[in-house]
2 protein chains.
Amino acid sequence: MKRIPEVTVERLIKYLRFVEEMEKDGMRNLTAKQIAESLGLNPHLVRKDLAYFGQFGKRGKGYETEKLGETLRKIMGLDKRWKVALVGVGNLGSALLRYPGFKERGFDVVCAFDTSPQKIGRQIEDIKIESMDKMEEIVSKENIKIAILSIPKEAAEEVSDRLVKAGVMGILNFAPRYLQYSYPFRVLNVDLSLYLESLTFYLENDGKKNLSM
Amino acid sequence: MKRIPEVTVERLIKYLRFVEEMEKDGMRNLTAKQIAESLGLNPHLVRKDLAYFGQFGKRGKGYETEKLGETLRKIMGLDKRWKVALVGVGNLGSALLRYPGFKERGFDVVCAFDTSPQKIGRQIEDIKIESMDKMEEIVSKENIKIAILSIPKEAAEEVSDRLVKAGVMGILNFAPRYLQYSYPFRVLNVDLSLYLESLTFYLENDGKKNLSM
DNA sequence: CCTGTCAAGTGAAAAATTTCATAAAATTAC
DNA sequence: GTAATTTTATGAAATTTTTCACTTGACAGG
């Protein structure tokens, strides 16, 4: 099997989103063209992306919505639920704890940690906030592979090291510090202000001809 | 001037982050190698990215930290402050209102909107929550160009259309619905569960040889 | 002031990614 | 049942992006 480019993986998730939405709408079949249009892509690209995983389309007809969804979920490891640990229950952290989208998409935040004594013991959405001293113990015991980090940037490195040692394989990092681990660990750095900053480049240079659009 | 690839823009912001951090640490000079290492990139790529905007490095020495920071900020439109409107003061929205990172990076959330009568009139961090009926009026009057959208996905399209009509040029969209506008408008779709989903692909396929790492 | 080393800048080469062209299968229209 | 149309699949071409090789300027040491 050929190597799957990272850009393809990112698109696959978006395809899955669209496929599931169409599934809900009762569409029995979907064509690459439809998927592509919904995301502003070239249909050839969609087919090529899907073809990495074998051929599950029908010529002249398209893809069976349900089967495509199932296959994509399987490819992405989304055919089962994942347990997630959340570290750092500040403003952002508690909003993430309450964010219904994770559960909807198969991710169960099963524990939350903080250092602040005021927060420890409190409960948000069924989840009791635990002391960060217990983090390794609980994460190991529960066999948690994914963690969400919403802590100050100063603590990011130390805490993520501890998580990795406790068995976590993937981290979604909201702290504005770039974290890196080598294979097989994965970090996804989500820097909220960074997104705004990439917007301003285009706003600022809007109209000039040196733009990639 | 040559067209700037989107991937370059994304890296430039990260360079700026590192440069500012080093500036704070008192480093007078920075080399492409140092910048590259901090982000796990090839130094040639860093030089090429910077060279799009002219030559501001010194051979044998590197880049003057301060000047590089200034230049990058100017390129990115970050040499001034930006006013931002926040729409949707739910869990995520109010966390974003309280998120200090935006202000730190030059973005002032100056107004917030919601539909819920319970929320309208309340105040979070100096910002009074206004009715969404007043959105267009205030956004136009204040000449706001950037909006953060943290509303349910069902409302995303309608609200973003209204924002665009009111003069907004860039949207940071947290609603899990893919929004698209054509040039010169920009949308950055930030789908939180989507990030987790891209992690699971790698966790699931970990160890298999078909991976891009 | 010469020599060696370092690092930016630049054009060419390589690699990766996307688009295109074509073939083949399925469906629809006649 | 045949022709036309639709749409996937796949290998080739084009494009984009990254890496490499080389040149040049700057500085340090002798």
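Each chain gets a letter, A, B and so on, in the order its sequence line appears, and its residues count up from 1. As a basis for the values below, the full set of heavy atoms in this structure was taken, side chains included, without hydrogen atoms, waters or symmetry mates.
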Quiz item: Could you write nucleotides 12-21 of chain D as a row of B, S and -, 5' to 3', where a protein heavy atom under 4.0 Å of any base atom gives B, of only sugar-phosphate atoms gives S, and otherwise -?
Solution: B----SSBBB

Quiz prompt | For atom NZ of A:Lys61 and atom P of D:dT8, their distance in whole Å | solution = 12 Å

Quiz item: What is the ring orientation for B:Phe201 with A:Phe53, classed by angle as parallel under 30°, tilted 30 to 60°, or perpendicular over 60°?
Solution: perpendicular

Exercise. Assess whether ring-ring contact (aromatic ring centres under 6.0 Å, His included) is satisfied between A:Phe18 and A:Tyr15, documenting all intermediate values.
Key: CA-CA 5 Å; A:Phe18 180 68; A:Tyr15 300 165; 9.2 Å; no

Quiz item: Distance only, no hydrogens: is a donor on one side chain within 3.5 Å (strictly under) of an acceptor on the other, for A:Ser160 and A:Tyr181?
Solution: yes

Exercise. To the nearest 0.5 angstrom, please state how far the CZ atom of B:Arg11 sits from the CD atom of B:Glu6.
Key: 11.5 Å

Quiz item: So what does B:Gly57 hit on the nucleic acid, given a heavy-atom distance under 4.0 Å: a base, only sugar-phosphate, or nothing?
Solution: sugar-phosphate

Quiz item: Quick one, which residues of residues 18-40 of chain B touch DNA chain C with a heavy atom under 4.0 Å?
Solution: B:Thr31, B:Ala32

Self-check item: Presence of B:Gln55 side-chain N/O under 4.0 Å of D:dG25 phosphate oxygens OP1/OP2
Solution: no

Quiz item: Earliest and latest nucleotide of DNA chain C, 5' to 3', sitting under 4.0 Å from a non-hydrogen atom of chain A?
Solution: C:dT17 to C:dT27

Self-check item: Backbone of B:Asp49 reached by a side-chain donor or acceptor of B:Thr8 within 3.5 Å
Solution: no

Practice problem: Decide side chain to side chain donor-acceptor pair (under 3.5 Å) for B:Tyr178 and B:Asn173; before the verdict, give the C-alpha distance in whole Å, the side-chain angles of both, and the deciding distance to 0.1 Å. | Solution: CA-CA 8 Å; B:Tyr178 196 80; B:Asn173 171 38; over 6 Å; no

Quiz item: Taking atom types as modelled and ignoring hydrogens, do the side chains of A:Asn143 and A:Lys141 form a donor-acceptor contact shorter than 3.5 angstrom?
Solution: no

Quiz item: Judged by atom type as modelled, is there a donor-acceptor pair below 3.5 Å linking the side chain of A:Lys83 to the main-chain atoms of A:Val109?
Solution: no

Quiz item: When only distance counts, do a donor and an acceptor, one from the side chain of A:Arg59 and one from the base of D:dT7, lie under 3.5 Å apart?
Solution: no

Exercise. For residues B:Ala112 and B:Val89, report the shortest heavy-atom separation together with the two atoms involved.
Key: CB-CG2, 4.0 Å

Self-check item: Sidechain-backbone polar pair: A:Gln180 side chain, B:Ser38 backbone, donor-acceptor under 3.5 Å
Solution: yes

